[in-house]
Amino acid sequence: MRNQCLRVFDHHIRLFRKTLMSSIVTRFAPSPTGMLHIGGVRTALINWLFARHHGGQYLVRIEDTDRKRSTPEAVKAIEDGLEWLGLGSDQDIAYQSTRQARHRAVAEQLVQQGKAYYCQCSTEELTEMRTTARAEGRTRVYDRRCRDADIATEAETVVRLKVPTTGETTIDDWVQGSISMQNDHLDDYILLRADGTPTYMLSCVVDDADMNISHIIRGDDHINNAFRQIQLIRAAGFPEPAYGHIPLLHGDDGAKLSKRHGALGVDHYRTEGYLPEALLNYLMRLGWGKGEEILPLAQAAEIFALSDMSKAAARVDFARLKYFNASYLRNMSNEKAVAHLAAYRDCVFSSPEQEILLRGLNSLTQRTETLEELSNAANIYLYPPIWPLVDQKAAKQFAAKASDAGLQDIHRLAGSWAFDSAESLKEAVAGYVTERNIGFGKVGQPLRIALCGTMQAPDIGEILYALGADETKNRLAHAIENIEN
RNA sequence: GACCCCAUCGUCUAGCGGUUAGGACACCACCCUUUCAAGGUGGUAACACGGGUUCGAUCCCCGUUGGGGUCGCCA
């Protein structure tokens with residue numbers, strides 16, 4: 001018990017010291033081999049949150065180390081995605097591919113210092129070693145046969161790091177706690193390929209050091225890399241960064257995130273009508289449960305702590321994402337909603353359209369969950385109903401009830417209404433209904449259909465107010481022409 | 001297979017030795033009601049299992065089971 005406390009205390013002291021020693025710099029380092037998916041977005045977000053909380057810097061580095069697989073399209077998709085989300089870099093984006101000379105120099109220096117060595121093992125030999133290692137139940141594959149062979153530089157040789165063969169490496173991970181690995185389980189991994197290009201392990205470590213990254217926050221699929229990278233950091237004499245390995249996101253079936261689940265590009269969520277702030281708020285809640293559920297980013301940054309993050313993987317739940325999106329949509333001002341809608345539709349509204357939407361859009365944001373739905377719903381304001389109605393249910397209702405509804409009366413009365421608020425208009429209609437001593441629905445439903453062409457529309461008062469006097473009377477006149485007697 | 005990690009309602013989580021195990025999404029019922037929503041009220045539903053430690057374990061330790069990650073001249 002006391003030991004436990006002391007250990008925890010000691011752990012915190014060490015973390016605290018590390019924090020004080022240098023300023024906080026985090027980085028999001030995606031590889032442009034595919035789209036930016038929500039797992040990556042969450043990693044970026046956590047890096048951003050942590051940096052903001054500590055008043056530090058959040059940087060973005062594109063890990064495009066050669067690769068036949070990394071494409072300019074993917075780079076653009078990542079940059080656009082981050083921009084859309086508001087998770088752009090605090091400084092110019094770094095491109096790893098531009099720094100290969102520096103990476104190579106570090107490797108060559110390590111060779112000179114005897115901390116790395118040339119290896120000329122063939123692919124066949126390696127395959128054999130792999131098979132043997134697997135058969136013997138070993139994690140370490142390479143048997144270090146070139147380690148002391150003293151091979152001079154030649155073509156077709158790679159450079160490997162001399163990893164300690166004894167001892168243990170421990171990481172005080174800010175998320176995972178203390179994790180250890182026997183060094184003997186670690187490979188003498190490759191720093192420079194036979195063609196002289198640096199591997200990810202080399203590039204990543206050198207760039208993190210050169211960019212003064214203080215805290216490496218990434219997916220826990222990198223835990224094993226951390227043990228290996230630390231060996232290189234020590235060999236090169238770089239300062240050791242702090243680590244925070246966050247659990248990966250899983251699909252709704254508990255399996256790894258795949259294209260079937262959420263591994264779609266963020267642009268997909270954009271076209272589906274999700275708001276950046278809602279997507280981010282949702283993602284933030286996976287593995288971090290502090291504060292209110294709906295929590296604006298700036299407030300989240302204030303109370304964010306890596307140590308509060310769950311160590312367990314979370315599944316994505318699209319129903320919940322939708323709920324978050326709906327919540328943000330519902331609480332949005334008309335002005336903002338109109339701007340979002342215009343951006344989503346990629347259009348400019350005419351000034352009459354703008355006026356109608358400015359008056360009526362939030363009667364719609366209350367009943368839609370995404371911008372896509374909002375955009376569809378907004379058509380009732382943007383376009384008058386076309387007669388005969390395409391909505392069969394509405395057409396039937398209208399045919400059955402319109403003759404009794406007194407739409408002509410409403411049309412006439414509307415001429416004297418002020419159209420200054422949804423409430424007063426609703427009262428006006430209610431007054432008419434009371435006068436005739438019938439139920440509100442007898443008039444409300446046909447009127448709604450007359451004005452919108454569908455039954456799925458807001459409160460009568462809200463519709464009237466949004467449309468305004470002229471549009472209301474025009475639409476009513478058309479509807480009246482289509483009443484069957 | 002070896003190594004590393006994880007484990008509270010279906011899902012996301014709160015909990016940090018003593019709680020009627022709390023909240024949210026989803027689901028169900030009811031209320032409100034001019035449609036559709038929203039909102040309100042209530043409900044179903046969880047500490048994976050087995051050993052310890054302790055007066056007392058969801059919580060600490062060990063094991064089992066289950067899940068995930070890693071084992072590339074990919075990143």
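Every heavy atom of this structure was used, including side-chain atoms; hydrogens, water molecules and symmetry mates were not. What you see is a predicted model; the values in this text were computed from it and never measured. Order of the sequence lines sets the chain letters (A, B, ...), proteins ahead of strands, with each chain counted from 1.
Using a 4.0 Å cut-off between charged nitrogen and carboxylate oxygen, Glu128(A) and Arg145(A) do not count as a salt-bridge pair. Using a 4.0 Å cut-off between a side-chain N of Lys or Arg and a carboxylate O of Asp or Glu, Asp188(A) and Lys162(A) do not qualify as a salt bridge.
A donor N or O paired with an acceptor N or O is found under 3.5 Å between the base of C36(B) and the side-chain atoms of Arg367(A). Donor-acceptor pairing under 3.5 Å, judged by distance alone, is present between the side chain of Asn225(A) and the base of A75(B).
A donor-acceptor pair shorter than 3.5 Å cannot be found between the side chains of Tyr269(A) and Thr370(A). For Gln96(A) and Ser203(A), the side-chain atoms include no donor-acceptor pair closer than 3.5 Å.
When the P atom of G67(B) is taken as reference, atom CG of Leu248(A) falls 17 Å away, rounded to whole Å. For the pair Ile380(A) CD1 and C36(B) P, the computed distance is 15 Å after rounding to whole Å. The nearest whole Å value for the distance from the CE atom in Met129(A) to the P atom in C71(B) is 18 Å.
Using N1 to N3 plus N6-O4 or O6-N4 for Watson-Crick, or N1-O2 and O6-N3 for G-U wobble, each under 3.5 Å, A7(B) pairs with U65(B).
Put simply, Arg330(A) has a side-chain N or O that comes within less than 4.0 Å of OP1 or OP2 on G39(B).
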Nucleotide N/O to protein N/O under 3.5 Å, stretch nucleotides 6-9 of chain B:
unit_1	atom_1	unit_2	atom_2	d
C6(B)	OP1	Lys311(A)	NZ	2.7

Can you check nucleotides 22-24 of chain B for protein contacts, nitrogen or oxygen pairs under 3.5 Å, and list what you find?
unit_1	atom_1	unit_2	atom_2	d
A24(B)	O4'	Glu293(A)	OE2	2.9
A24(B)	O2'	Glu293(A)	OE2	3.1
A24(B)	O2'	Arg320(A)	NH1	3.4
A24(B)	N3	Arg320(A)	NH1	3.1

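Taking for each of Ile460(A) and Gly287(A) the nucleotide of RNA chain B with the nearest heavy atom, the 5'-most of the two is the partner of Gly287(A).
As judged by a 4.0 angstrom heavy-atom cut-off over every strand, Asp459(A) is placed among the base-contacting residues. The residue Arg130(A) sits close only to the backbone: its heavy atoms come under 4.0 Å of sugar-phosphate atoms, none of a base.
Side-chain proximity of Thr65(A) to the nucleotides U34(B), U35(B), A75(B) is greatest for A75(B).
Residues from residues 440-455 of chain A lying near RNA chain B, meaning a heavy-atom separation below 4.0 Å, are Phe440(A), Gly441(A), Gln445(A), Arg448(A), Met455(A) in numerical order.
Distance noted for atom C1' between C47(B) and A57(B): 11 Å (whole Å).
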